[in-house]
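Counting convention: from 1, in listed order, for ligands and their atoms alike. Sequential numbering from 1 along the given sequence is applied to the chain's residues.
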Amino acid sequence: MTETVLGVIGGSGIYDLPGLEDAAWTAVASPWGTPSDEVRVGRLDGLKICFLPRHGRGHRIAPSDIDFRANIDAMKRLGVTDLVSVSAVGSLKEELSPGTFVLVDQFIDRTFAREKSFFGTGCVAHVSLADPVSPLLVDAVEAAAKAEGIRHHRGGTYLAMEGPQFSMLAESRLYRSWGCDVIGMTNMPEAKLAREAEICYASVAMVTDYDSWHPDHGAVDITAILRVLGENRDNAQRLVAALARTIPREHPRCPIGSDTALEYAIITAPDARDPALLAKLDAVAGRVLKR
Ligand SMILES: CSC[C@H]1O[C@H](OP(=O)(O)O)[C@H](O)[C@@H]1O
Ligand SMILES: Nc1ncnc2[nH]cnc12
């Protein structure tokens with residue numbers, strides 16, 4: 001049996017998780033770089049929780065400068081089996097109004113200035129990503145949202161842009177024409193790396209604005225975003241607390257194989273693998289490399 005360990009990555013406006021018992025900010029060293037901050041490790045109803053503020057406390061780190069590999073590696077080293085990302089997003093659909101929590105199930109990755117894989121020359125791996133979120137974890141998040149009476153929508157495509165500037169009108173219209181639902185700057189490559197690390201991933205996208213396409217709302221306004229962020233924080237924290245109370249204590253086998261993604265993914269022959277890269281992969285790929 002694998003004990004469930006819940007990881008939470010908090011985005012803009014979410015820099016702590018109140019209510020954790022026996023909690024301590026914990027430094028986690030990673031061979032991949034520097035995680036965004038120390039990880040707040042504690043318990044809620046007996047469940048181990050690891051909370052990491054994606055931009056660091058004080059919102060120091062811009063989206064393109066986040067060391068996503070170090071963040072996911074740190075979560076893996078702490079034993080995280082299930083990772084919930086909480087993020088601020090713009091809405092690309094009229095009906096997804098500010099305050100709505102979208103339980104994202106697809107992504108379009110338009111980022112271009114980030115390291116996107118733990119693997120590469122010396123240890124090549126190709127994981128499946130057709131379904132980037134883990135359905136049982138999304139079920140648990142949805143149940144928590146329902147229990148807390150939080151307005152939410154299950155399913156939606158998150159367009160990940162590089163930023164840090166918000167999108168131009170023509171881009172916003174383009175993404176709408178592609179059928180995207182929300183737009184943000186951080187869920188990629190986070191979700192891809194979680195899959196490579198065999199961590200189940202779900203994304204809660206909190207709508208703060210209508211991006212730039214909406215004729216009645218004009219350009220994105222950071223002041224309005226920050227106000228909505230403040231209003232969303234309480235809901236986000238209640239959602240995580242409810243999730244922590246109800247998520248199964250034994251990590252269930254993921255029906256789409258998120259937690260066994262590396263089973264057949266590494267294709268570099270054992271004698272052609274780079275020992276230095278293998279050493280860095282000790283946490284992320286330890287399950288398959290050690291046997
Ligand atoms: C504060 S608005 C723009 C900023 O907010 C989102 O961050 P996160 O996804 O970490 O909540 C968005 O992606 C931008 O980084
Ligand atoms: N409109 C928007 N575009 C990108 N990231 C966002 N985060 C919050 N609102 C956003």
Side-chain angles (χ1 to χ4, degrees), residues 7-17 35-37 51-68 71-72 75 83-94 96-104 107-114 133 156-176 178 180-194 201-233 235-237 239-240:
V8 180
I9 295 188
S12 297
I14 316 276
Y15 308 108
D16 200 358
L17 211 51
S36 296
D37 205 330
F51 170 80
L52 178 63
R54 181 186 286 124
H55 302 273
R57 281 168 283 179
H59 205 119
R60 292 175 295 106
I61 309 173
S64 306
D65 297 333
I66 294 168
D67 193 331
F68 291 97
N71 286 353
I72 296 296
M75 288 290 178
L83 178 60
V84 175
S85 151
V86 183
S87 310
V89 294
S91 169
L92 297 167
K93 294 266 168 76
E94 179 81 51
L96 300 176
S97 56
T100 307
F101 283 23
V102 180
L103 311 186
V104 168
F107 300 93
I108 291 182
D109 188 1
R110 294 259 303 171
T111 65
F112 50 80
R114 305 172 186 197
V133 301
T157 299
Y158 175 120
L159 185 295
M161 61 179 294
E162 187 62 47
Q165 302 86 356
F166 294 116
S167 21
M168 290 173 268
L169 182 53
E171 292 173 318
S172 199
R173 287 179 177 152
L174 177 68
Y175 305 148
R176 270 169 59 74
W178 288 351
C180 299
D181 297 280
V182 293
I183 180 164
M185 303 177 191
T186 61
N187 279 198
M188 285 286 134
E190 191 174 86
K192 290 178 170 173
L193 295 166
Y201 184 85
S203 168
V204 179
M206 309 181 306
V207 174
T208 54
D209 56 274
Y210 274 111
D211 204 40
S212 50
W213 64 271
H214 200 300
D216 302 337
H217 291 269
V220 188
D221 171 4
I222 189 71
T223 322
I225 291 183
L226 293 178
R227 183 175 39 75
V228 181
L229 273 179
E231 292 161 10
N232 284 344
R233 184 180 304 120
N235 277 348
Q237 288 167 342
L239 176 74
V240 172

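Put simply, the side chain of Tyr210 never gets that close to the backbone of Ala219: no donor and acceptor are under 3.5 Å apart. Not one N or O on the side chain of Asp37 forms a donor-acceptor pair closer than 3.5 Å with the backbone of Pro53. Put simply, the side chain of Arg233 gets close to the backbone of Gly13: a donor and an acceptor are under 3.5 Å apart. Counting only distance, with no hydrogens or angles, the side chain of Arg110 and the backbone of Glu162 share no donor-acceptor pair below 3.5 Å.
Looking only at heavy atoms of the protein, atom 9 (O) of ligand 1 is closest to Thr186 OG1, 2.5 Å. The protein atom (non-hydrogen) at minimum distance from atom 10 (O) of ligand 1 is His55 NE2, 2.5 Å. Closest to atom 14 (C) of ligand 1, if we only count protein heavy atoms, is Met185 SD, 3.6 Å. Annotation: atom 3 (C) of ligand 1 to nearest protein heavy atom, Phe166 CE2, 4.0 Å. Atom 4 (C) of ligand 1 has Ser12 OG, 3.5 Å as its closest protein atom, hydrogens excluded (heavy atom only).
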Practice task
Start with the C-alpha distance between Ser85 and Val204, add both sets of side-chain angles, then the distance that settles side-chain contact (heavy atoms from CB on, under 4.5 Å), and finish with yes or no.
Solution key: CA-CA 6 Å; Ser85 151; Val204 179; over 6 Å; no
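Taking every non-hydrogen atom of Gly11 and a distance limit under 4.0 Å, the qualifying atoms of ligand 1 come out as 8 (P), 10 (O), 11 (O).
At a 4.0 Å heavy-atom cut-off, ligand 1 touches Pro63 through the side chain alone. Counting heavy atoms under 4.0 Å from ligand 1, residue Arg54 touches it through the side chain alone.
Between Arg176 and Asp211 no salt bridge is recorded (no basic side-chain N to carboxylate O distance below 4.0 Å).
Side-chain N/O atoms of Ser87 and Arg54 include a donor and acceptor closer than 3.5 Å.
Contact record, Ser91 with Val207: CB-CG1, 3.6 Å, taken as the closest heavy-atom pair.
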Give every pair made of an N or O atom of ligand 2 and a protein N or O atom lying under 3.5 Å apart, one pair per line with both atom names and the distance to 0.1 Å, or write 'none'.
from	atom 1	to	atom 2	distance (Å)
ligand 2	1 (N)	Asp209	OD2	2.8
ligand 2	1 (N)	Asp211	OD1	2.8
ligand 2	7 (N)	Ala88	O	3.3
ligand 2	9 (N)	Gly90	N	3.3
ligand 2	9 (N)	Thr208	OG1	3.4
ligand 2	9 (N)	Asp209	OD1	2.6

